[in-house]
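First the structure, in the form of structure tokens, and then the observations on it.
Note on naming: letters A, B, ... go to the chains in the order of the sequence lines (proteins, then strands), and numbering restarts at 1 for each one.
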2 protein chains.
Amino acid sequence: MAYRMNDSEVEQCDFIHVHEDIVNQVQSVMPDEDQLLDLAEFFRVFGDSTRIKILYVLSQAEMCVCDIATLLQMGQSAISHQLRVLKQMRLVTYRRDGKTVFYSLADGHIQTILAQGMEHIEE
Amino acid sequence: MAYRMNDSEVEQCDFIHVHEDIVNQVQSVMPDEDQLLDLAEFFRVFGDSTRIKILYVLSQAEMCVCDIATLLQMGQSAISHQLRVLKQMRLVTYRRDGKTVFYSLADGHIQTILAQGMEHIEE
DNA sequence: AAAACATATGAACAACTATTCATATGTTTA
DNA sequence: TAAACATATGAATAGTTGTTCATATGTTTT
């Protein structure tokens with residue numbers, strides 16, 4: 001998200017009392033800006049209830065668009081739009097069989113992340 | 001997000017050709033609606049680049065608000081607002097030491113999830 | 001007690017997102 | 001090849017979100 005600063009300078013904190021040693025040390029191990037943006041974009045996909053539900057049902061079985069729509073009690077179009085997002089971010093894959101398209105989870109990380117999330121909220 | 005349906009019925013798919021066996025089987029193991037909403041809400045927190053950066057720097061060291069603002073080259077207020085979100089969702093904790101407040105990651109799941117995400121995007 | 005410092009918070013706004021509706025594309029069947 | 005089926009997609013829009021600005025709260029120092 002791009003928000004404008006009304007000045008070319010960023011304001012941060014008006015002092016020189018930062019903990020310099022820590023800041024410098026962490027500064028040196030920071031990943032690329034791009035990598036962190038990708039990471040946020042990746043997690044953003046998990047951050048919507050419709051998409052989480054889709055991921056969950058696909059973690060149980062391969063499924064077509066209308067199966068998912070039925071399970072989630074939502075319209076076919078809404079599901080299809082979200083599947084596109086999931087596809088683009090490589091969280092799901094699909095195979096075509098005649099008229100119907102079967103979706104499934106892309107790889108093991110997705111399952112692991114879902115499971116870790118579940119554990120966290122159940123605490 | 002709540003969007004209105006112009007009818008009381010949900011439209012799903014206009015047919016009876018769903019794969020009933022799969023749908024019924026998955027239906028029976030679906031977690032509560034609430035649990036899936038919580039899960040999405042939890043992941044939503046990871047889905048913003050500012051928050052991901054905060055989580056990343058905190059994975060390296062305990063830090064005060066201004067350290068973070070300096071590292072991320074952002075305003076104090078923006079960081080503070082995001083820390084509140086992270087606090088509310090129990091992704092970070094804090095301790096006060098005089099005027100300054102030191103933040104750190106709440107538990108191990110956060111590290112694991114970050115690491116899994118990194119692995120995924122590096123593929 | 002006043003000034004300075006560190007952080008938190010409310011309001012406002014621009015940017016973004018998820019759904020719906022209508023329709024297009026692709027596949028099979030009659 | 002026309003009709004029916006399954007999925008995909010574009011436009012529109014209501015709801016949501018992240019940042020800024022101004023200011024409040026809490027702590028220390030003088």
Side-chain angles (χ1 to χ4, degrees), chain A residues 1-7 9-19 37 40-41 44-54 63-70 72-89 92 94-103, chain B residues 1-19 37 40-41 43-54 63-70 72-89 92 94-103:
Chain A
M1 241 156 268
Y3 293 88
R4 293 167 271 112
M5 276 284 185
N6 56 352
D7 204 339
E9 271 292 291
V10 176
E11 160 253 319
Q12 306 152 36
C13 290
D14 44 347
F15 58 78
I16 331 207
H17 213 238
V18 200
H19 304 87
L37 293 183
E41 200 184 7
R44 199 175 54 72
V45 180
F46 291 84
D48 171 76
S49 59
T50 299
R51 286 192 296 261
I52 273 286
K53 287 175 190 169
I54 294 176
M63 232 173 271
C64 76
V65 177
C66 276
D67 291 342
I68 301 173
T70 304
L72 307 197
Q73 290 288 297
M74 293 180 65
Q76 172 269 320
S77 181
I79 302 298
S80 203
H81 277 296
Q82 296 303 349
L83 282 170
R84 180 167 48 158
V85 175
L86 293 166
K87 225 187 308 177
Q88 280 169 346
M89 297 303 291
V92 302
Y94 64 97
R95 69 180 175 88
R96 181 148 215 150
D97 180 21
K99 283 180 282 192
T100 78
V101 177
F102 289 97
Y103 283 88
Chain B
M1 242 156 267
Y3 294 87
R4 294 168 270 112
M5 274 282 183
N6 56 352
D7 203 340
S8 56
E9 272 290 292
V10 175
E11 160 249 321
Q12 306 151 33
C13 289
D14 45 348
F15 57 77
I16 332 206
H17 213 239
V18 199
H19 304 87
L37 294 183
E41 201 184 5
F43 282 122
R44 199 176 52 72
V45 180
F46 291 84
D48 170 75
S49 59
T50 299
R51 288 192 295 262
I52 274 285
K53 287 175 191 171
I54 294 177
M63 233 174 271
C64 76
V65 178
C66 276
D67 291 343
I68 301 173
T70 304
L72 307 198
Q73 291 287 298
M74 292 180 65
Q76 172 269 320
S77 181
I79 301 299
S80 203
H81 276 296
Q82 297 303 349
L83 281 170
R84 179 165 50 156
V85 176
L86 292 166
K87 225 187 307 178
Q88 280 169 346
M89 296 305 289
V92 302
Y94 63 97
R95 67 181 176 89
R96 179 149 217 151
D97 181 20
K99 285 179 281 193
T100 77
V101 179
F102 289 97
Y103 283 89

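- At the heavy-atom level, B/Thr100 lies under 4.0 Å from the strands shown only through sugar-phosphate atoms.
- As rounded to whole Å, 14 Å separates atom P of C/dT9 from atom CG of B/Leu86.
- Taking atom CG on A/Asp97 and atom C1' on C/dG26, their separation rounds to 14 Å, with Å as the unit.
- Here A/Gln82 does not reach the OP1 or OP2 of C/dT17: none of its side-chain N or O atoms lies under 4.0 Å away.
- Taking atom CD1 of A/Ile79 as the reference point, atom P of C/dA18 lies 13 Å away to the nearest angstrom.
- What separates CD of B/Glu41 from P of C/dT17 is a distance of 18 Å, to the nearest Å.
- Checking the phosphate oxygens (OP1, OP2) of C/dG10, a side-chain nitrogen or oxygen of B/Arg84 falls inside 4.0 Å.
- Nearest heavy atoms, A/Tyr103 versus A/Val65: CE1-CG2, 3.8 Å.
- Separating the CG atom of A/Asp48 from the P atom of D/dG15 is a distance of 16 Å, rounded to the nearest angstrom.
- Between the CG atom of A/Leu72 and the P atom of C/dA18 there is a distance of 15 Å, rounded to whole Å.
- Here the side chains of B/Ile68 and B/Leu83 are in contact, with some heavy-atom distance below 4.5 Å.
- Side chain of B/Arg96 to main chain of B/Gly98: a donor-acceptor pair is present (N/O by atom type, distance under 3.5 Å, no hydrogens or angles).
- A straight line from CD1 of B/Ile68 to P of C/dT7 spans 9 Å, rounded to a whole angstrom.
- In the set D/dT7, C/dA8, C/dA18, D/dT7 carries the atom at the smallest distance from any side-chain atom of A/Cys64.
- Distances shown here put a side-chain N or O of A/Arg44 below 4.0 Å from the OP1 or OP2 atom of C/dT17.
- Residue contacts for A/Tyr103: at a heavy-atom cut-off of 4.0 Å it reaches the sugar-phosphate backbone alone, with no base atom in range.
- Side-chain atoms of B/His81 and base atoms of C/dT7 include no donor and acceptor less than 3.5 Å apart.
- Smallest separation of non-hydrogen atoms from A/Cys64 and A/Thr100: CB-CB, 4.5 Å.
- What separates CD of B/Gln88 from P of D/dG18 is a distance of 12 Å, to the nearest Å.
- Within the 4.5 Å cutoff, the side chain of B/His19 has heavy atoms near those of the A/Phe102 side chain.
- The side chain of A/Met74 sits closest to C/dT19 out of C/dT19, D/dG18, C/dT7.
- For the pair B/Arg96 and C/dA6, the criterion of a side-chain N or O lying under 4.0 Å from OP1 or OP2 is not met.
- The main-chain N or O of A/Ala40 is never found under 3.5 Å from a side-chain atom of B/Arg51 such that the two would form a donor-acceptor pair.
- Interface remark: the A/Gln76 side chain does form a donor-acceptor pair with the D/dA8 base, using a distance-only criterion of under 3.5 Å.
- Mapped onto DNA chain C by nearest heavy atom, A/Gly47 and B/Lys87 fall at different nucleotides, with B/Lys87 at the one closer to the 5' end.
- The side chain of B/Lys99 contributes no N or O atom lying less than 4.0 Å from OP1 or OP2 of D/dT29.
- With hydrogens and angles ignored, a donor-acceptor pair closer than 3.5 Å exists between the side chain of A/Ser77 and the base of D/dT9.
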